[in-house]
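See below for the structure under consideration.
Residues: numbered from 1 along the sequence shown.
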Amino acid sequence: MSSPSFRKLRRPSALHLVLLPLSLIFVFPFVQMVTASFMSNKEISQFPPALLPHALNTKGYSTVIFDSDFFTWLGNTALISTVAVLSQIVLCTLAGYGFARIRFRGALVVQFLLLLTVFLPPQLLMIPIFKLYAKAGLVDTLPSLMIPWLASAIGVFLMRQFFTRLPREIEEAAMLDNASRLKIFFRVVLPLTIPAQATLGIYTFLHAWNEYFWPLVSATKPEMYTLTIGLAATQTNFAQTEGIGFLMAQA
């Protein structure tokens with residue numbers, strides 16, 4: 001028999017009864033997107049709008065699979081996001097540890113200048129960065145989409161704050177056993193940073209996956225588009241010709 005406390009947990013509360021219909025409001029646009037992907041333009045634009053397709057129209061999905069660059073955009077976005085996550089975890093962890101544990105002249109000034117870049121709007125730096133990439137011949141290449149994500153001031157600051165909260169006694173105990181700085185970092189400290197690395201990885205992945213502005217500036221060839229740019233270009237160019245169902249199938 002289940003305990004009274006367990007039955008109490010299973011019993012829906014008044015808050016659940018309120019949240020359930022509210023959750024349907026947020027789920028409805030996604031359901032409508034799926035149903036619209038099987039509709040023709042005529043069904044979608046009719047009034048009152050149809051909630052379900054009269055007949056399954058799979059033309060949108062066949063166009064996505066066979067006659068579009070969707071999977072190229074998906075591959076570009078996945079590659080950029082993966083490289084961004086791995087590089088930020090490695091570089092930001094190393095930099096954060098250096099700022100938190102290694103004393104050197106001008107450390108506070110460097111940290112202040114690093115944090116100052118967080119307050120600069122990215123649009124302010126877009127033109128000089130683009131000119132720099134253009135002179136290096138990196139425009140319309142995957143490296144131009146990856147390099148800005150290799151490290152970030154927020155990631156360095158996040159890891160630094162995590163390292164400052166770790167007790168120094170752990171590292172001092174390892175030093176008494178004649179362990180080197182690198183050995184202490186990899187064997188003792190690094191395993192303790194998994195929660196912070198997971199947070200940084202999720203944060204970086206979401207931002208790299210959804211990034212729109214820099215790919216819009218740096219990528220002009222369709223084969224270099226990311227998902228955000230590709231879907232926006234499709235929405236602008238083919239909404240009337242290919243059909244809104246095609247756009248919903250991509251989404």
Same apolar cluster: L206 and I89, side chain cutoff 4.5 Å: no
Derivation and outcome, ring-ring contact (aromatic ring centres under 6.0 Å, His included), residues F246 and Y61: CA-CA 7 Å; F246 169 59; Y61 288 96; 9.8 Å; no
Single-linkage hydrophobic cluster, 4.5 Å side-chain cutoff, I147 and L132 together: yes
Shortest non-hydrogen separation from R160 to Q111 and the atoms involved: NE-OE1, 2.6 Å
Stepwise side chain to side chain contact (heavy atoms under 4.5 Å, CB included) check, L86 with V90: CA-CA 6 Å; L86 295 177; V90 173; 5.6 Å; no
The single option from V118, L114, T117 passing side chain to side chain contact (heavy atoms under 4.5 Å, CB included) against I154: V118
Backbone N/O of P195 and side chain of T199: donor-acceptor pair under 3.5 Å: yes
Shortest non-hydrogen contact between A36 and M248, atoms and distance: CB-CG, 3.8 Å
Separation between CE of M175 and CD1 of I170, rounded to the nearest 0.5 Å: 12.0 Å
From CD (Q250) to OG1 (T234), nearest 0.5 Å: 4.0 Å
Interatomic spacing from OG1 in T141 to NZ in K221 - rounded to 0.5 Å: 9.5 Å
Gap separating the OG1 atom of T82 from the CH2 atom of W209, nearest 0.5 angstrom: 8.5 Å
Heavy-atom check, side chain of F28 versus side chain of I25, under 4.5 Å: no
Flag if over 12 foreign heavy atoms under 6.0 Å of CD1, I127: no
Distance in Å, S218 OG paired with M126 CE, rounded so as to fall on 0.5 Å steps: 9.5 Å
In one Ile/Leu/Val/Met/Phe/Trp/Tyr side-chain cluster, 4.5 Å: F186, M159: yes
Side chains of D140 and T220, donor plus acceptor under 3.5 Å: yes
Any S144 side-chain heavy atom under 4.5 Å of V139 side chain: no
Exercise: identify the closest heavy-atom pair between L145 and P215: CD2-CA, 3.8 Å
Student check: side-chain heavy atoms of E211 and T228 closer than 4.5 Å: no
Side chain to side chain contact (heavy atoms under 4.5 Å, CB included) evaluation trace for F162 with F157: CA-CA 9 Å; F162 186 84; F157 182 73; over 6 Å; no
Min side-chain heavy-atom separation N57-M39 under 4.5 Å: no
Any side-chain donor near an acceptor of the partner, S68 and T63, under 3.5 Å: no
Spacing of L22 atom CG and L15 atom CG [to the nearest 0.5 Å]: 9.5 Å
Test item: K59 and F38 side chains (from C-beta on) under 4.5 Å apart, heavy atoms: no
Nearest atoms (heavy-atom pairs only) where L227 meets T77: N-OG1, 2.8 Å
Within 6.0 angstrom of F119 CZ, more than 12 heavy atoms from elsewhere: no
Partners passing side chain to side chain contact (heavy atoms under 4.5 Å, CB included) against V189 (at least two apart in sequence or in another chain): Y97, F163, L166, E171, I184, T193
Same apolar cluster: L158 and L115, side chain cutoff 4.5 Å: no
Whether T35 side chain and Q32 backbone form a donor-acceptor pair below 3.5 Å: yes
Flag side-chain contact, heavy atom, 4.5 Å: T226 against Y212: no
F71, CZ: over 12 other non-hydrogen atoms inside 6.0 angstrom: yes
Residue L108 excluded, over 12 heavy atoms near CG under 6.0 Å: no
Main-chain N/O of A84 paired to S87 side chain as donor or acceptor, under 3.5 Å: yes
Contact check, side chains of I65 and S62, non-hydrogen atoms, under 4.5 Å: no
Residues Q161, F99; criterion side chain to side chain contact (heavy atoms under 4.5 Å, CB included); working and verdict: CA-CA 9 Å; Q161 292 301 104; F99 283 127; over 6 Å; no
Minimum side-chain heavy-atom gap F70-Y225 below 4.5 Å: no
Donor-acceptor under 3.5 Å (N76 side chain, E223 main chain): yes
Any donor-acceptor N/O pair, T204 side chain to G201 backbone, under 3.5 Å: no
Heavy-atom closest pair, residues G155 and L200: CA-CD1, 3.6 Å
Contacts of N210 that satisfy side chain to side chain donor-acceptor pair (under 3.5 Å) - sequence neighbours left out: none
Pair Y133-W214, ring-ring contact (aromatic ring centres under 6.0 Å, His included): steps then yes or no: CA-CA 12 Å; Y133 282 27; W214 175 244; 5.5 Å; yes
Shared hydrophobic cluster, W149 / L125 (ILVMFWY, side-chain heavy atoms < 4.5 Å): yes
Residue pair Q88 / S152, side-chain donor-acceptor N/O under 3.5 Å: yes
